[in-house]
Amino acid sequence: MVTDRDILILRAVSRYYVLNRHQIQRLIFPEDIHGRVTRRRLQSLIDADLLNRQPMLVCHPQNGVPAPVYYPSPKGIELLAEFTGDDRFLATATQAPTMHHVWHWLAVSETHIAFDQAISLQTADSPYAVRVVEWLNEYDVVNPAETLPEKRFHLYTLLRSSPRLICAPDAALLLNARGHSKVFYLEEDRATTGVHQIAASKSQGYAVLAEVSGHRRHFPQATIDTFTVLMIAPTARRRDALRKAFREKQGAALWRFASVEDLKPERLLFEPIWYPCDGEPASLIKPNPLSEGESS
DNA sequence: CCGCCTAAGATACCGCTGTA
DNA sequence: TACAGCGGTATCTTAGGCGG
């Protein structure tokens with residue numbers, strides 16, 4: 001039997017792709033103190049093939065056993081499309097998240113949730129009426145028949161064949177405020193690689209993407225001609241190390257850096273938590289009405 | 001309309017497990 | 001050993017079917 005809250009779970013994994021039990025509980029079962037209800041509903045969805053589970057083998061949250069993560073199943077998104085009458089759910093990625101990338105996916109979904117909550121915190125008379133027009137995840141498929149990543153995935157961009165240069169954002173969003181739409185790319189940093197290696201491997205792709213206005217292909221409806229890359233670092237110290245590493249790189253002006261502890265829904269849009277490579281932090285949405293929707 | 005029964009979800013409690 | 005998460009189970013609640 002599928003309950004209303006089961007549908008909410010299917011919607012959530014369709015939207016965020018990879019979620020753990022704790023996140024689902026926070027989003028859909030806030031009253032569930034013991035987590036038993038959440039686990040039971042998840043189990044019944046899995047038994048019905050409406051949801052997929054990926055065990056997390058390498059895991060140390062604080063302590064305790066590894067907690068699995070959940071992601072969409074073909075049958076689940078079919079049910080969702082049928083239930084809502086919206087066939088766009090059928091485009092949801094249902095491939096299993098790579099085992100060693102699971103923490104990365106959870107970080108992306110956590111950022112996505114923070115954006116959604118920041119948007120919904122605005123009241124009806126909010127001055128900027130900010131909204132996310134569209135959010136693309138790394139593995140959102142544009143052409144299911146293709147196997148080449150640059151043709152299969154919406155975001156993966158092959159900029160040059162030889163030497164090979166690609167740009168593969170973790171996610172992308174089109175943010176709208178008072179009629180202006182701007183493209184933002186998302187890069188989640190998990191401090192697993194040295195900052196200089198990250199700066200070297202990522203800066204050129206985005207710099208060339210900007211030169212060729214590649215963001216126009218991802219979001220033709222954008223009205224602002226530039227884009228910004230948002231990098232989320234696990235700590236403020238790491239954030240500042242990244243800023244320093246990107247400072248001398250090509251296209252450094254495209255980047256803004258924030259730390260996870262600053263990335264609260266109530267601060268995300270309007271408070272100066274976004275640091276450029278050089279200089280003072282600014283808010284994502286500028287207070288000046290003439291340049292709202294921009295961050296640079 | 002009533003009383004009874006059943007099915008399924010919600011709730012509470014508990015023991016097990018693997019890691020720091 | 002402490003702890004967080006998992007899954008088993010008993011009990012409560014609610015909705016619906018059914019005969020009288």
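What's counted below: heavy atoms across the whole structure, side chains too, no hydrogens, waters or symmetry copies. Sequence lines set the chain letters: A, B, ... in the order given, protein chains first and strands last, and positions in each chain run from 1.
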> Has A:Arg40 got a side-chain N or O lying under 4.0 Å from the OP1 or OP2 atom of C:dC6?
Replying inline: no
> Can you check whether A:Phe227 and A:Phe219 have ring centres sitting under 6.0 Å from each other?
Replying inline: no
> Listed in order of residue number, which residues of residues 16-38 of chain A have a non-hydrogen atom at under 4.0 Å from DNA chain B?
Replying inline: A:His34, A:Arg36, A:Val37
Would you say the side-chain atoms of [X] and [Y] include a donor-acceptor pair closer than 3.5 Å?
X        : Y       : value
A:Tyr16  : A:Gln23 : no
A:His112 : A:Tyr17 : no
A:His104 : A:Thr98 : no

> Hey, does the Lys NZ or Arg CZ of A:Arg41 hover above the aromatic six-ring of A:Phe29, less than 6.0 Å from the centre and inside 45° of the axis?
Replying inline: no
How many Å lie between [atom1] on [X] and [atom2] on [N], as a whole number?
X       : N      : atom1 : atom2 : value
A:Arg39 : B:dG15 : CZ    : C1'   : 13 Å
A:Arg41 : C:dG7  : CZ    : P     : 14 Å
A:Arg5  : B:dT11 : CZ    : C1'   : 11 Å

>> Suppose the criterion is ring-ring contact (aromatic ring centres under 6.0 Å, His included): which pairs have a residue in residues 137-166 of chain A, not counting sequence neighbours?
In response: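 Sorted result for residues 137-166 of chain A: A:Trp105-A:Tyr139, A:Tyr139-A:Phe153.
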